[in-house]
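Just below is one structure, and these are the notes that go with it.
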Amino acid sequence: MSTPPEETPSQPGAEEAQEEGGHQCPGCQGPDTLLLPCGHRLCQNCLTLSQEELGPEQPGSGCTECYGRELLNTVLKGLLDSLFDGQSRRPRALGPNGLEEEEKKVGEGEGEDREVCPEHGERMLLFCTEDEELVCEECVSEEHEDHVTCSPEEAVEDCKRELRSTLRSFKDKLRGLNDVKETCDNTTEHIKKQSQHAERLVKAEFEKLHQFLREEEASVMSSLKDEEDQKSRKTKDTADKLSGDIASLMDTISAIEEAMDTDDMLFLKNYKKISERAQYTVSDPPDMTESLIDVASHVGCLRYKVWDKMQSVAQYCPVTFDPNTADGCMTVSDDLLTVRYTEDYQEQEQQLPDNPERFSSDYRCVLGSEGICSGCHLWDVDVSDCSEWTLGVANDSVQRKEWFPASPERGLWTISLCAGQYRACTTANTPLTLKKKPQKVRVQVDYERGRVTFSDHSDNTLLYRFKHKFTEMVLPFFSIGCNRYPLRICTGKVTVITD
C-alpha cells in the first residue's frame, strides 16, 4: 500500500460526526473512528487506504471487515460446490447475515435431502412414531429419548400402510353410502308408484260404495214414490165416490122438500113416490186410516238399514297380505287376498326396493299385515289345487334375507305340502297322515295359551298343533311354490248383533 496523503476527503455515506472516545480502529488501533453504513468503524486513514486498494464498487463501501467476510463466503461456496458436484440439492436462500440457509420445504425429487431441524440445525434423519414428527439426533436425546423412532423410509411405508387401510375403509363406507342412497332413490320412486296405485284402488272401492248408496237411495225414493202414488190414487177414488153420494143425497133432499111444500091433496097423491125415494140408503164414509205416507218406514233408522244391507256386498277379511314383505317372485292381488308365484320374476324384482321387511327370493313367501300379540285369531286359506304351499305364523323378528329350514327354533310354526307330502315344519320335519286332501286350511292362533292349530275347514279335522310360549308379536305366514294355482284368503261373513 502507498502512504496516505495528509488530507483525504471523507468517504461518502460515512458519518461526518466523529464519535467520542471508546472505540478503536480495528486496523491501526487508533482512536477517532468513523461509523460506516455497514455498522463497522474505521479511522479516516484506514478508510482512505481501503478505498484505494478495494475500489468504491466493492461491498461494504470499502469496509475491510465486510470485504473479508465476503471473501470467506466465496471460498466456502466454491469448496462446497466442488464437494457436492453432481448431487441433487435443495435451493438455499440468503439469510439476514448474508450466509446461505437451507429452505424448510421438501424437495420434489426422491434424493437424499432431509429437513433441517430448526432448533438444532441438524438434518432430521429420524421419525418419532409417538409424536409423529421428524426429529434430529439432538431432539431424540433431549425430548424423545423414551420414544420409538425409525428411519423416514420405514416411517413412510408404515404411514402409507396405515393410510391405505383407512382409505379402504373409507371407500367401503362410500360404497355403502352410495348403495343406501340408491336404495333411497328407488324407494322414493316406488313409494310414488305405490301411492298412485293405492289411490286408484281407494277411488275404485269408494266408487263401489257410492254406487251402492246411489242405488239404495234410488230404491228408497222409488218406494216412497210408489206409496205416494198408491195412497193418492186411493184417496182420490174415495173422494170421487163421496162426491157422487153427496150429489145424489142432495137431489133426494131437494125432492122431498119440494113435495112437502105442495098442497095437501097433491102431497098425498105423490106421497108414495116421495116415500119410495126417501128410502134411499146413504153409505157410511170409508175408513181413512193408513191413508198417509208411512214416513217412519222410509226414514227411520235409514243409515242402519243401509249399512245392514251393505253387508251383502262388504267383505270381511281377518287377514290380508302385506305386499311390502313379498319377495320378487310373489304377486299380490289388488284386494290383498290372493298371492301367486311366478318363475319369471326378474323384471318385477328389479322394480321392488330391497326394504328390510321384504323376504329374499329364496323364501317365495309373504306375511300378513295384521300382527298378533294377544287374543284368539283364525283365518281360512283356499289351497285348492295348489301343489306346493306353506302356512302358519312367524315371529316379527324372523330372518328375511337368508334362507334357512323352517322350524319353531327359527321362529316359524308352519305346515306344508311339497312333492305330494304333507309335513309339519319341525326340526325333524314331521310327516302328516291325512284322510283326504283339504281344500281349505284353517289356521287358529291362541296367543295367551301358546297354541297354533291347523285343521280342515270342511269338517274341522285336526291336522297338527304347535305349542309354544310366545314372547313377541307373530304374523301370518304364507309361502307358495306352485306357479299354476294361487293361494287365497277366504272372506268371512259379517254378523251384526243389536243390543
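Just so it is clear, the values below take in all heavy atoms, side chains as well, and ignore hydrogens, waters and symmetry mates.
Between the CZ atom in Arg214 and the CG atom in Leu209 there is a gap of 10.5 Å [rounded to 0.5 Å].
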For residues 134-141, which side-chain N or O atoms pair as donor and acceptor with protein atoms under 3.5 Å away, sequence neighbours left out?
unit_1	atom_1	unit_2	atom_2	d
Ser141	OG	Glu137	O	3.4
Ser141	OG	Glu138	O	2.8

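Ring geometry, Phe466 versus Tyr464: the interplanar angle exceeds 60°, so the pair is classed perpendicular (tilted spans 30 to 60°). A tilted orientation is assigned to the rings of Phe478 and Trp379, their planes being inclined by 30° to 60°.
With hydrogens and angles left out, the side-chain atoms of Asn355 and His190 include no donor and acceptor closer than 3.5 Å. Between the side chains of Asn324 and Gln194, at least one donor N or O lies within less than 3.5 Å of an accepting N or O. Side-chain atoms of Ser479 and Arg364 form no donor-acceptor pair, as typed in the model, at a separation below 3.5 Å. Between the side chains of Glu409 and Thr427, a donor-acceptor pair is found at a separation under 3.5 Å. For the 3.5 Å distance criterion, the side chains of Glu227 and His298 qualify, holding a donor opposite an acceptor. Checked by atom type, the side-chain pair Thr426/Thr430 shows a donor-acceptor distance below 3.5 Å. For the residue pair Arg340 / Thr331, no side-chain donor-acceptor distance below 3.5 Å is found, with atom types taken as modelled. Side-chain contact annotation: Lys440 with Ser384, donor-acceptor N/O pair under 3.5 Å absent.
The backbone N or O of Phe170 lies less than 3.5 Å from no partner atom in the side chain of Arg175, so there is not a single donor-acceptor pair. Using modelled atom types, one side-chain atom of Asn178 and one backbone atom of Leu174 make a donor-acceptor pair closer than 3.5 Å. The backbone N or O of Leu463 lies less than 3.5 Å from no partner atom in the side chain of Ser455, so there is not a single donor-acceptor pair. Side chain of Asn483 to main chain of Tyr341: no donor-acceptor pair is present (N/O by atom type, distance under 3.5 Å, no hydrogens or angles).
Between Arg451 and Arg465, some side-chain heavy-atom pair lies under the 4.5 Å cut-off. At least one side-chain heavy atom of Val398 sits under 4.5 Å from a side-chain heavy atom of Leu412.
For Ser397, the side chain to side chain contact (heavy atoms under 4.5 Å, CB included) test picks out Asn395, Glu472, with sequence neighbours left out.
Surrounding CE of Met221 are at most 12 heavy atoms belonging to other residues, nucleotides or ligands under 6.0 Å away. Enclosure of atom CD in Glu290 is not indicated, since only 12 or fewer non-hydrogen atoms of other residues, nucleotides or ligands lie within 6.0 angstrom. Remark: Arg303 CZ is loosely packed, at most 12 non-hydrogen atoms of other residues, nucleotides or ligands lying under 6.0 Å away.
Closest of all the heavy-atom pairs between Gly420 and Leu417 is C-CD1, 3.7 Å. Nearest heavy atoms, Glu448 versus Gly375: OE1-N, 2.9 Å.
Sorted by first and then second residue, the ring-ring contact (aromatic ring centres under 6.0 Å, His included) pairs involving residues 139-160 (not counting sequence neighbours) are His144-His147. Applying the salt bridge (Lys or Arg N to Asp or Glu O under 4.0 Å) rule to pairs touching residues 191-205 yields Glu199-Lys203, Glu205-Lys208, sequence neighbours excluded. Applying the ring-ring contact (aromatic ring centres under 6.0 Å, His included) test to pairs two or more places apart or on separate chains, those with a residue in residues 424-447 are Tyr447-Phe470. Each salt bridge (Lys or Arg N to Asp or Glu O under 4.0 Å) pair with one or both residues in residues 309-326, not counting sequence neighbours, appears once here: Glu216-Lys309.
The only option from Leu336, Asp335, Val332 that meets the side-chain contact (heavy atoms from CB on, under 4.5 Å) definition with Thr320 turns out to be Leu336.
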